Protein chains: 2
Amino acid sequence: MNKINMKELAKELNVSVGTVSKALSDSHEISDQTKKKVLETASRLNYTLNPYASSLRNKKSKTIAVVLPEVADNFFSLAINGIQSVAEKKGYHVLIYLSHEKFMNEKSILCECCSGRVDGVLISVSSETTDGDHILKLQQQNIPIVFFDREFEGLHVAKVITNDFECGYQSAEHLISNGCTNPVFLSVSSKLAICNNRADGFKTALKDKKMGDGEKTIIECNGTKEEVFLQIKNMLTTKNKPDGIVASVERLAMSVYLVCQEINISIPADLKVLVFSTLETAPILNPPLSTISQPAFEIGKTAAELLFKGIEKKKYNLTDETITLPSVLIERTSSQAF
Amino acid sequence: MNKINMKELAKELNVSVGTVSKALSDSHEISDQTKKKVLETASRLNYTLNPYASSLRNKKSKTIAVVLPEVADNFFSLAINGIQSVAEKKGYHVLIYLSHEKFMNEKSILCECCSGRVDGVLISVSSETTDGDHILKLQQQNIPIVFFDREFEGLHVAKVITNDFECGYQSAEHLISNGCTNPVFLSVSSKLAICNNRADGFKTALKDKKMGDGEKTIIECNGTKEEVFLQIKNMLTTKNKPDGIVASVERLAMSVYLVCQEINISIPADLKVLVFSTLETAPILNPPLSTISQPAFEIGKTAAELLFKGIEKKKYNLTDETITLPSVLIERTSSQAF
DNA sequence: ATGAAAGCGCTAACAC
DNA sequence: GTGTTAGCGCTTTCAT
């Protein structure tokens, strides 16, 4: 069974390619009878439209790009689900690109996105991203772009985020009210706005409660898994060690748990732990892990919906749109007062 | 900054489009001097090749499709990473499609893949897939296809899988040698070859040890999360309840843990648990969960490499290639003798 | 070493 | 209501 094109289909039907094309796109110019015949023969001969020929003509790719720092993280998996659910409904295809947290990768991915391969881009920036030129370039080419979760601040780009500052504030309050006197915040990167907002909320809460030592309570953990493990282990074996930890992402909490297991620190007796995460296994961890859960699916879905507004309505202005979907603190054993 | 095409670039350079095209693809027909000039001006004017025009001409999309039952599962996330790592190296783009475990979805996705949009397909079939016509159709169009992890048996299609039968056998042996006298196997679907192979290994071990009651030890859990929870709860509250469980996928183990937490069954004292999974949080669960871990990244990577062999070498025969990458049983507390 | 031109499969403007 | 045809941006053969 060889691929057949529109010309061959037209010949088979004894009509012109124009008629076939119009029939397939359900044009009102074509009689119902002809339409039916075309559809039938098309399906009989297993005809499919060549998407790239269409794209070339229409200057529309029916494809969007999703650019992620990594995919082995519950948040991003769920976000992809949300994105996919709306792309599917719109008949769009989804290209996945991974930056692996590297700025250089992110740059060349976005460069690719300028080629016309995609009609729009959803992106969660890498932890190294300190410059927005690659994003500006997309906008200059009139390619709609929407940040989800991890934005890059200072640009006029639409975004769907969560209430990071507020949750950072809450996280500190929560630990303090459960008895912590020396809580710290583990950040992935001081370049990541989302982390800084969470950290700022955390610091502000400490200040409001007249506690802690400002910058010293924010610890950046941006090494490899092994390096981070050691870093946390060192931190938890010093004399003046913290009695509470807020982890800004999933994998930092996992490292904290592993360290505590190894050096016999008891959670929550000796150390209270709280993490920004949608980790599904949180309730069955030892001990059950308190989380600040982002509405991951919803964030992906909303970002995609916003992007399609930008794609579909030429005049729609995607600039400066910001949608904030709140996260929710779910208290489990790991942060309980003892 | 408007998108510029090859014709405009050629005009700017005072050469023909043919020359530009050849220069950009580093043809030996073109002088080094001209090549340099073309490259320079191209980059100065932010020129990018239109990928769809190229695809149309070359009948090559430089794109592959990855079809998954779901994405919120550690195994698939890691597999995507593996796939992406080789696609990136080859300069290929990756389209992600989700079947959500529905056969109908899988069918229409594969139908889309026949259009020429992709040069090859990697697929893990849905748990509903009982018919391979949609896969045959792809092959008839000469589109390379490789199964990874979840294959559909009875077709001549390349696959990268793990040693499911053997691991099923091992899982039963392991539970029995740790004291279980009444172990059961939780399957997602009796239609899924991968599950059946694991279950067959499990049953065979029981038979070899003269234990258990054949079919009765295989329990199918194919409902919603809530239904499965109830099903497991019911199972664990009957008089003749099992003292060991092998879960065929990640989410079933999570349900088992939640049920045990709710009705106060102690793992591993009252019930030993073992799961086929790459769950990263396994070591910090309560209790640490014994796993049979698939080499997920490697499976994805190997499947992609195999697929590219099929894509790149027209004569290479992708039929009947099977690569088996072994899983490994990692013993933790949840399955320990008490 | 470079240029001219046909054509990949499709859409849409225009002609009938 | 249907047919004809130009052209989307590119590659490649053939000519020069």
Side-chain angles (χ1 to χ4, degrees), chain A residues 2-39 41-42 45-63 91 112 114-119 141-142, chain B residues 2-39 41-42 45-63 91 93 112 114-119 141-143:
Chain A
N2 282 331
K3 265 206 83 37
I4 154 184
N5 65 21
M6 196 178 278
K7 203 162 135 196
E8 285 154 354
L9 178 56
K11 196 156 63 186
E12 177 81 18
L13 281 154
N14 280 315
V15 294
S16 73
V17 285
T19 305
V20 173
S21 176
K22 285 171 196 160
L24 290 176
S25 57
D26 202 26
S27 157
H28 52 261
E29 294 180 38
I30 303 294
S31 74
D32 285 353
Q33 207 189 8
T34 313
K35 277 184 195 169
K36 217 176 102 186
K37 242 185 358 205
V38 171
L39 258 0
T41 334
L45 300 182
N46 258 306
Y47 171 76
T48 48
L49 246 182
N50 181 314
Y52 297 136
S54 291
S55 291
L56 182 57
R57 253 317 299 233
N58 296 331
K59 297 179 175 304
K60 271 283 185 185
S61 67
K62 285 279 191 179
T63 304
E112 254 292 328
C114 286
S115 67
R117 187 180 291 278
V118 297
D119 295 342
Q141 309 256 15
N142 280 313
Chain B
N2 281 331
K3 266 206 81 38
I4 156 183
N5 65 19
M6 196 178 277
K7 202 162 136 196
E8 286 153 355
L9 178 56
K11 195 156 65 189
E12 177 81 18
L13 282 152
N14 278 315
V15 295
S16 73
V17 284
T19 305
V20 173
S21 176
K22 285 170 196 162
L24 289 176
S25 56
D26 201 25
S27 158
H28 53 262
E29 293 180 38
I30 302 294
S31 72
D32 285 353
Q33 208 190 9
T34 314
K35 277 183 195 170
K36 216 175 103 185
K37 242 187 356 205
V38 171
L39 256 2
T41 331
L45 300 183
N46 258 305
Y47 171 75
T48 48
L49 247 181
N50 180 313
Y52 295 136
S54 291
S55 291
L56 182 56
R57 255 314 302 227
N58 297 331
K59 296 178 174 305
K60 273 280 183 190
S61 67
K62 285 277 191 181
T63 305
H93 301 260
E112 255 292 329
C114 286
S115 67
R117 187 181 292 278
V118 298
D119 295 342
Q141 310 255 16
N142 280 313
I143 302 184

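Naming: A, B, ... by sequence-line order, numbering from 1 per chain. These figures come from a predicted structure and were not determined experimentally.
A heavy-atom distance below 4.0 Å to DNA chain D is reached by these residues of residues 8-25 of chain B, ordered by number: B:G18, B:S21, B:K22.
Heavy-atom nearest nucleotides on DNA chain D were determined for B:Y47 and for B:E29, and the one closer to the 5' end corresponds to B:Y47.
A pairwise comparison of heavy atoms in B:S61 and A:R117 identifies O-NH1, 4.0 Å as the closest pair.
Residue pairs meeting the salt bridge (Lys or Arg N to Asp or Glu O under 4.0 Å) criterion with at least one partner in residues 5-16 of chain A, sequence neighbours excluded, are A:E12-A:R44.
Residues B:V118 and B:H93 have side chains not in contact (no heavy-atom distance under 4.5 Å, counting atoms from C-beta outward).
Going from atom CZ of B:R57 over to atom P of C:dG9 covers 10 Å, rounded to whole Å. Here C:dT11 presents its C1' atom at 13 Å from CD1 of A:I30, a figure rounded to the nearest Å.
Here B:S115 pairs with nothing under the side-chain hydrogen bond (donor to acceptor under 3.5 Å, both in side chains) rule; sequence neighbours left out. In this structure, B:K59 has no side-chain contact (heavy atoms from CB on, under 4.5 Å) partners at least two apart in sequence or on a different chain.
Between A:N50 and the phosphate of C:dG9, there is no side-chain N or O to OP1/OP2 separation shorter than 4.0 Å.
Taking the 5' to 3' direction, DNA chain D first and last meets chain A under 4.0 angstrom from a heavy atom at D:dG1 to D:dG9.
Across its full length, the helix from C:dA1-D:dT16 to C:dC16-D:dG1 shows an angle of 40° between the axes of its 5 terminal pairs at either end, rounded to 10 degrees.
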